[in-house]
A.B. asks: 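Please read through the structure below; I'll follow up with questions.
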Amino acid sequence: MSISLTFPDGAKRDYEDGVTPLAVADGISKSLAKKVVAAKLDGQWWDLTRPIAQNAKFELVMRDSADGLEVLRHDAAHVLAQAVQELFPGTQVTIGPVVEDGFYYDFAREEAFSTDDFERIEKRMREIVDADLPIAREVWDRDEAIAHFNGIGETFKAQIIDDIIPPGEAITVYRQGTDWKDLCRGPHLPSTGRLGKAFKLMKLAGAYWRGDSNNQQLQRIYGTAWADEKQLEEYLKRLEEAEKRDHRKLGRQMDLFHMQEEGRGMVFWHEKGLTLWRTIEAYMRRRLEAAGYVEVRTPQVLDRVFWEKSGHWENYRANMFVCETVEGEELSLKPMNCPGHVQIFKFGQKSYRDLPLRMAEFGACHRYEPSGALHGLMRVRAFTQDDAHIFCREDQIEDEVARFITLANSVHEDFGLTRDHIALGTRPEQRAGADDFWDKTEAQLLNAARKAGVEPVIAEGDGAFYAPKLDFQLKDAIGRIWTCGTIQNDYVLPERLGAEYVGEDGQKHRPVMLHRAILGSLERFIGVIIENYAGSFPLWLAPVQIIVATITQDADDYARDVAKTFKAAGLRVELDLRNEKVGYKVREHSLAKIPLIAVVGRKEAEERKVALRRLGGEAQQALSLEGAAEALAVEALAPDLARAR
RNA sequence: GCCGCCAUAGCUCAGCUGGUAGAGCACCUGAUUUGUAAUCAGGGGGUCGGGGGUUCGAGUCCCUCUGGCGGCACCA
């Protein structure tokens with residue numbers, strides 16, 4: 001009997017029935033057999049040592065491919081689990097999946113692990129790799145498996161079989177060496193030696209069993225694993241690079257902002273940081289005005305009664321900062337701007353002619369976020385949204401959403417961020433409204449996105465409790481994904497707060513409300529762009545755009561002139577007249593990531609010129625003062641103004 | 001909020017097994033007037049996050065609180 005395997009390039013080859021992928025690889029070349037980690041049979045994972053008994057499409061998975069890395073990482077998780085169980089008897093294993101760049105394993109153990117244990121664990125892992133233990137796939141009877149795992153005290157594993165694996169699906173157990181085994185879907189390497197040693201334990205964390213904070217807390221050990229040492233090193237280097245971009249670090253170094261313990265999750269914006277803020281805000285105002293928005297401002301603190309009406313007291317109380325006055329009133333800082341905007345909408349009578357009404361606010365909101373959620377500028381308790389609500393008729397939704405997507409794309413691009421994808425967050429488990437309402441609203445967003453030429457990626461259950469949403473997932477300069485920008489179609493709040501307009505038919509109608517933000521919050525967005533640009537802002541955003549640095553005091557008067565000229569041209573300029581060498585000044589301002597340095601000495605003073613040096617470059621340009629001011633003023637224009645020119 | 005780790009000068013960090021603190025940068029003063037990534041010399045600066053305990057003696061060990069970091073949970 002022979003079987004026929006079809007390779008990815010279309011070639012067909014015949015093999016003996018029961019041939020293993022490893023034997024197939026070996027038959028092709030020895031070096032290939034060394035690098036292969038698993039196979040795919042008709043697209044299904046297949047262990048290298050598992051006999052093949054049917055004709056199939058066949059694919060070998062190499063260790064340095066994306067699929068191959070997944071296999072390696074999964075094996076690394078198992079090796080970790082075995083090492084931990086050997087070193088710390090009594091520890092139960094739970095789950096150990098592959099994640100981006102690595103893997104983790106969750107353990108249940110009375111005593112806490114410490115990162116000090118990592119060295120020992122890694123050492124044991126290496127021993128397991130050196131021992132080259134065979135890994136064998138076994139198919140078990142469901143009840144026997146449950147009984148077995150319960151019998152050896154691995155109750156979590158038993159629970160997985162009982163609760164998670166659908167009846168009828170094969171229960172596979174992988175045996176690693178003689179005694180150690182783990183319930184696993186596979187595939188796995190033929191033996192532990194093939195894993196190699198390009199792995200490293202990274203961090204220790206708490207995690208809840210099955211992701212539910214009501215469940216037992218487990219101890220999670222994260223690790224990373226790669227095809228070879230070189231890849232591992234590259235990965236570690238990448239982490240270092242990301243660390244250098246950390247907005248918290250750069251924020252301090254560049255004197256942009258700070259935070260302190262008396263105001264957790266609150267930002268003290270320093271002069272330079274606020275300059276950045278105001279530049280972005282001014283830009284957004286122009287973009288919004290051009291897109292037909294009006295700007296409003298609503299109160300910071302409102303009575304409890306108001307929040308009861310809006311539904312926030314019921315649904316959002318835990319996140320609200322509530323205070324009581326001496327007269328006994330209960331007030332809350334606004335956690336959102338939407339109810340306030342509805343009040344403005346309701347003021348006076350609105351007609352269908354007023355729609356769509358696009359109402360924007362740089363709205364300062366306060367939300368009590370759980371302490372563990374706080375993270376620099378990315379997650380704060382006081383923040384300013386570039387918020388707007390579009391009041392419109394149902395038949396205007398698609399058009400408005402499409403217009404919004406176009407606007408948001410353009411804004412994001414202006415900040416050097418490219419869109420990775422748009423996510424459509426669909427109905428969450430806990431939600432308001434009937435299913436047909438969700439069918440309708442989800443379809444609206446989907447169609448609107450398509451109308452704008454975008455195919456959203458569905459994020460199941462990720463919607464708000466009152467409406468589905470589109471979230472913009474942006475990629476930064478080093479490929480990290482950030483969520484900035486969202487739009488939601490809300491039928492609930494206009495209803496609750498009684499917003500209405502007079503239609504063409506003279507009757508009162510309920511408008512739909514589109515909640516939308518392009519940046520999200522100014523705080524978070526500034527955090528994102530600090531990391532995106534690694535602090536080296538493009539000229540239009542740089543808090544200080546140009547430094548005028550003197551060589552000797554002879555040039556002081558001229559330098560003041562130069563600074564004045566640049567300032568008059570609209571540039572943000574600082575003067576450095578210190579009695580220091582130019583090399584010192586250049587170094588210092590370069591480290592501070594100032595985009596331009598205009599060096600002036602006696603020669604420049606005499607010729608009324610500047611020697612211009614750009615950040616990152618070594619060349620200098622000798623330019624006339626007036627010419628430089630004019631050219632730089634144009635160069636420093638915000639992207640929208642540059643386009644309009 | 002939960003789990004783990006961490007907290008020493010403005011910043012980055014050193015301080016072995018307990019014997020009352022140190023470096024570099026920054027800052028201040030003086031000298032130097034300098035041509036594109038660090039001029040030299042001197043000086044000031046820390047109740048070692050707060051509180052409690054063990055000890056003859058605590059930056060160091062223990063407890064506790066506060067905050068930070070990494071995850072988890074949360075994220076309109």
Side-chain angles (χ1 to χ4, degrees), chain A residues 99 104 106 109 112-118 202-222 243 246 248-249 252-253 255 258-264 310-312 315-316 318-320 334-339 365 367-376 378-380 385 387 425 428 462-467 469 471 483 486 488 490 492-493 515 517 520-521 524 549-556 577-592 597-604 611-620 622:
Chain A
V99 292
Y104 67 78
D106 284 349
R109 177 180 179 232
F113 289 115
S114 148
T115 42
D116 296 340
D117 297 325
F118 280 12
M202 301 298 287
K203 51 201 174 191
L204 192 58
Y208 299 103
W209 169 238
R210 302 182 67 176
D212 186 336
S213 57
N214 295 314
N215 288 344
Q216 180 182 345
Q217 181 140 24
L218 308 168
Q219 300 187 65
R220 176 171 298 178
I221 295 177
Y222 279 93
E243 214 172 300
D246 192 312
R248 293 164 298 189
K249 197 169 161 170
R252 186 170 48 236
Q253 279 169 9
D255 195 17
H258 86 269
M259 298 166 104
Q260 58 191 51
E261 62 178 84
E262 294 92 334
R264 299 185 72 186
S310 73
H312 285 78
N315 290 307
Y316 210 65
N319 287 287
M320 290 161 71
K334 67 173 170 186
M336 299 183 199
N337 307 299
C338 24
C365 295
R367 292 180 195 173
Y368 187 84
E369 300 286 354
S371 58
L374 302 178
H375 180 92
M378 301 303 186
R379 194 78 180 274
V380 289
Q385 294 178 309
D387 202 5
D462 231 16
F465 73 89
Y466 53 80
K469 62 178 181 179
D471 277 335
T483 305
T486 184
Q488 301 145 18
D490 180 9
V492 176
L493 200 63
H515 304 244
S521 83
R524 199 181 120 82
T550 50
I551 292 170
T552 67
Q553 285 176 345
D554 293 345
D556 282 6
L577 302 180
R578 289 175 305 170
N579 175 12
E580 293 288 353
K581 291 179 151 184
V582 237
Y584 180 87
K585 295 186 184 182
V586 165
R587 175 182 157 82
E588 200 176 84
H589 300 306
S590 298
L591 288 174
I597 304 174
V599 175
V600 296
R602 194 174 302 166
K603 204 170 81 191
E604 286 74 18
L612 199 67
R613 182 194 169 102
R614 285 167 191 276
L615 182 58
E618 277 177 37
Q620 305 143 45

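In what follows, every chain begins at residue 1, and chains take the letters A, B, ... in the order their sequences are listed. Keep in mind that this is a model prediction, so the values were computed, not measured.
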A.B. asks: Check whether any side-chain N or O of A:K585 sits under 3.5 Å from a backbone N or O of A:R578 as a donor-acceptor pair, and report yes or no.
C.D. replies: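 Yes; at least one donor-acceptor contact below 3.5 Å.
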
A.B. asks: Quick check: on RNA chain B, is the nucleotide nearest A:V586 upstream (toward 5') of the one nearest A:P335, or the reverse? Name the residue that is more 5'.
C.D. replies: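 By nearest-heavy-atom nucleotide position, the 5'-most residue is A:V586.
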
A.B. asks: Which of the following nucleotides, B:G35, B:U12, B:G4, is nearest to the side chain of A:A112?
C.D. replies: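 For the A:A112 side chain, the nearest candidate turns out to be B:G4.
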
A.B. asks: Of all the choices, B:U33, B:U39, B:G35, which nucleotide is nearest to the side chain of A:V582 once you look at every atom?
C.D. replies: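 The closest nucleotide is B:G35.
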
A.B. asks: Tabulate protein N/O versus nucleotide N/O from nucleotides 26-31 of chain B, keeping only pairs under 3.5 Å, one per line.
C.D. replies:
unit_1 : atom_1 : unit_2 : atom_2 : d
B:A26  : OP1    : A:Y584 : OH     : 3.2

A.B. asks: In dot-bracket, 5' to 3', how would RNA chain B read with Watson-Crick or G-U wobble pairs under 3.5 Å, [ ] for crossing ones and | for pairs to another strand?
C.D. replies: (((((((..((((.....[..)))).(((((.......))))).....(((((..]....))))))))))))....

A.B. asks: Using atom C1' in both nucleotides, what's the gap between B:A14 and B:A9 to the nearest angstrom?
C.D. replies: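 Approximately 13 Å lies between the C1' atom of B:A14 and that of B:A9.
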
A.B. asks: Can you tell which of B:U33, B:A37, B:U12 lies closest to the side chain of A:R252?
C.D. replies: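 Given the options B:U33, B:A37, B:U12, the side chain of A:R252 is closest to B:U12.
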
A.B. asks: Determine yes or no for a side-chain-to-main-chain donor-acceptor pair under 3.5 angstrom, with A:R524 supplying the side chain and A:T483 the backbone.
C.D. replies: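 Answer holds: yes.
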
A.B. asks: With sequence neighbours left out, what residues match A:H258 under ring-ring contact (aromatic ring centres under 6.0 Å, His included)?
C.D. replies: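 So A:H258 forms a ring-ring contact (aromatic ring centres under 6.0 Å, His included) with A:F268, A:H270.
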
A.B. asks: Assign a letter to each nucleotide of nucleotides 59-73 of chain B from its 5' end: B, base within under 4.0 Å of a protein heavy atom; S, sugar-phosphate only; -, no contact.
C.D. replies: -------SSSSBBBB

A.B. asks: Could you tell me whether A:Q260 atom CD has more than 12 heavy atoms of other residues or ligands within 6.0 Å of it?
C.D. replies: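 Yes, the 6.0 Å shell around CD holds more than 12 heavy atoms from other groups.
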
A.B. asks: Which value, in whole Å, describes the distance between the P atoms of nucleotides B:C65 and B:C3?
C.D. replies: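 Approximately 11 Å lies between the P atom of B:C65 and that of B:C3.
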
A.B. asks: In terms of the nearest nucleotide of RNA chain B, which residue is placed more toward the 5' end: A:T115 or A:Q620?
C.D. replies: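 By nearest-heavy-atom nucleotide position, the 5'-most residue is A:T115.
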
A.B. asks: Nucleotides 45-50 of chain B: which of its N/O atoms have a protein N/O under 3.5 Å away?
C.D. replies:
none

A.B. asks: What's the gap between B:G46 and B:C5 when it is taken at their P atoms, as a whole Å value?
C.D. replies: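 Approximately 32 Å lies between the P atom of B:G46 and that of B:C5.
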
A.B. asks: Suppose you measure atom C1' in B:G15 against the same atom in B:G71; what distance do you get, rounded to whole Å?
C.D. replies: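 Straight-line distance between the two C1' atoms is 31 Å.
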
A.B. asks: Going by an N to O cut-off under 4.0 Å, is there a salt bridge joining A:D212 and A:R210?
C.D. replies: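 No.
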
A.B. asks: Please measure how far the P atom in B:C25 lies from the corresponding atom in B:U39, and state the result in whole Å.
C.D. replies: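 Nearest-Å result for B:C25 against B:U39 at atom P: 11 Å.
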
A.B. asks: Verify, without hydrogens or angle tests, whether A:D246 (side chain) and A:E243 (backbone) share a donor-acceptor contact under 3.5 angstrom.
C.D. replies: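 Not a single qualifying donor-acceptor pair exists.
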
A.B. asks: Taking the side chain from A:T550 and the backbone from A:Q553, do they hold a donor-acceptor pair closer than 3.5 Å?
C.D. replies: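 The answer is no, because no donor-acceptor pair under 3.5 Å joins these two groups.
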
A.B. asks: In whole angstrom, give me the gap between the C1' atoms of B:G19 and B:A73.
C.D. replies: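 Comparing C1' positions in B:G19 and B:A73 gives a spacing of 47 Å.
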
A.B. asks: Taking B:G59 as the reference, what is the distance to B:G50 when you measure between their P atoms (whole Å, please)?
C.D. replies: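 Their P atoms lie roughly 11 Å apart.
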
A.B. asks: With sequence neighbours excluded, tell me which residues meet salt bridge (charged side-chain N to carboxylate O under 4.0 Å, His left out) with A:R109.
C.D. replies: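 With neighbours one apart ignored, the set is A:E111.
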
A.B. asks: For nucleotides B:C48 and B:U20, find the distance between their P atoms and express it as a whole number of Å.
C.D. replies: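 Going atom to atom, P in each nucleotide, I get 15 Å.
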
